[in-house]
Amino acid sequence: MKSQSLGDQAEGHMCCGTAYEQGGDDLAIDLDKAIHSYRLLTLMAPSSIAYCYLARACMKKGSASRHEEAFRHLTEAERLDSTAVVHLGFATYYRGKKPADLPLARSHYLKAAIDGRFKGMFGYSELSREMGQRYRAFVADAIRLSTGWLIALLIGQRATEDF
């Protein structure tokens, strides 16, 4: 029997975590197993994206303790590499927090939008509307509409990344 490399095992945990998180035709969603797989992934190959996946699964679990655990994972992801996906994660966290911290969530959406992510642009505009700042939302939408084609051309598929 061939021994597997650590990289192969890490990829396997990522695939298992994604499969359990999203489910499928013959596989029921099991967030506890997804969290376990992502946790093993972060131990084997710590990376910003691994911690983001772990945080996302924790937030989907819904409990207050898991939500706070997600914040710790996002903080670790930011320490490793502060990417647009991490900012989208923080925006999702602050928006789903009880009570929601909309100004902080909007600032993270703005950081993701500056990095060229459409989800950041849509989130910034949506939260501006929720906060009663319609002019700010209008300006954000106008910028997105006028530069969206250029961002898609320059950045490509990365512009559609989501948390």
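Numbers here simply count residues along the sequence, with the first being 1.
Each of His108, Lys119, Arg117, Glu78 was compared with His87 under the side-chain hydrogen bond (donor to acceptor under 3.5 Å, both in side chains) criterion, and only His108 meets it. Evaluated for a side chain to side chain contact (heavy atoms under 4.5 Å, CB included) with Leu54, the options Thr42, Leu74, Leu40, Ile49 yield exactly one hit, Thr42.
By the 4.0 Å N-to-carboxylate-O rule, Lys61 lies too far from Glu69 to be salt-bridged with it.
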- [ ] Would you check, one step at a time, whether the test side-chain contact (heavy atoms from CB on, under 4.5 Å) holds for Arg56 with Glu21?
- [x] CA-CA 9 Å; Arg56 184 181 64 207; Glu21 183 182 2; 2.7 Å; yes
Task: Residues Thr75, Arg72; criterion side-chain contact (heavy atoms from CB on, under 4.5 Å); working and verdict - done: CA-CA 5 Å; Thr75 303; Arg72 289 193 306 272; 5.6 Å; no
- [ ] Check the pair Arg66 / Leu31 against side-chain contact (heavy atoms from CB on, under 4.5 Å), numbers first and verdict last.
- [x] CA-CA 11 Å; Arg66 288 289 191 184; Leu31 292 175; over 6 Å; no
Open item on the list: Is there a side chain to side chain donor-acceptor pair (under 3.5 Å) between His13 and Gln9? Walk through the geometry before answering.
Closed with: CA-CA 6 Å; His13 287 301; Gln9 291 176 7; 5.6 Å; no
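Hydrophobic clustering (side-chain heavy atoms under 4.5 Å, transitive across Ile, Leu, Val, Met, Phe, Trp, Tyr) groups Met131 together with Tyr94. Residues Tyr38 and Leu80 fall into different hydrophobic clusters, defined by Ile, Leu, Val, Met, Phe, Trp and Tyr side chains chained together at heavy-atom separations under 4.5 Å. Residues Ile114 and Leu88 fall within the same hydrophobic cluster, defined by Ile, Leu, Val, Met, Phe, Trp and Tyr side chains chained together at heavy-atom separations under 4.5 Å. Leu102 and Leu110 fall within the same hydrophobic cluster, defined by Ile, Leu, Val, Met, Phe, Trp and Tyr side-chain heavy atoms under 4.5 Å apart, directly or through other members.
Of all the heavy atoms in Ile155 and Gly116, the pair that sits closest is CD1-CA, 3.9 Å. Shown here for Val85 and Cys52, the closest heavy-atom pair between the two residues is CG1-SG, 4.2 Å. When all heavy atoms of Gly120 and Ala112 are compared, the closest pair comes out as CA-CB, 4.0 Å.
Applying the side chain to side chain contact (heavy atoms under 4.5 Å, CB included) test to Asp26 and every residue at least two apart in sequence or in another chain returns nothing.
Side-chain contact, Glu126 with Tyr109: no donor N or O sits under 3.5 Å from an acceptor N or O.
Enclosure of atom NE2 in His67 by more than 12 non-hydrogen atoms of other residues, nucleotides or ligands within 6.0 angstrom is indicated. With a 6.0 Å radius and a threshold of 12 heavy atoms from other residues, nucleotides or ligands, Lys60 has its NZ atom above the threshold.
No donor-acceptor pair closer than 3.5 Å links the side chain of Thr147 to the backbone N or O of Leu150. In terms of modelled atom types and a separation under 3.5 Å, the side chain of Ser128 and the main chain of Tyr124 share a donor-acceptor contact. Remark: side-chain polar atoms of Ser125 are not paired, donor with acceptor, to backbone N or O of Met121 under 3.5 angstrom. Checked by atom type and distance alone, the side chain of Tyr20 never pairs as donor or acceptor with a backbone atom of Leu27 at under 3.5 Å.
Between Phe71 and Tyr93, the two ring planes are tilted [angle within 30° to 60°].
In this structure, Tyr51 and Val86 have side chains that are not in contact, with every pair of non-hydrogen atoms separated by 4.5 Å or more. Here the side chains of Arg106 and Arg95 are not in contact, with every heavy-atom distance at 4.5 Å or above. The side-chain heavy atoms of Ser107 and Leu104, taken from C-beta on, include a pair separated by under 4.5 Å. Side-chain contact between Arg39 and His73 is present, with heavy atoms from C-beta onward closer than 4.5 Å.
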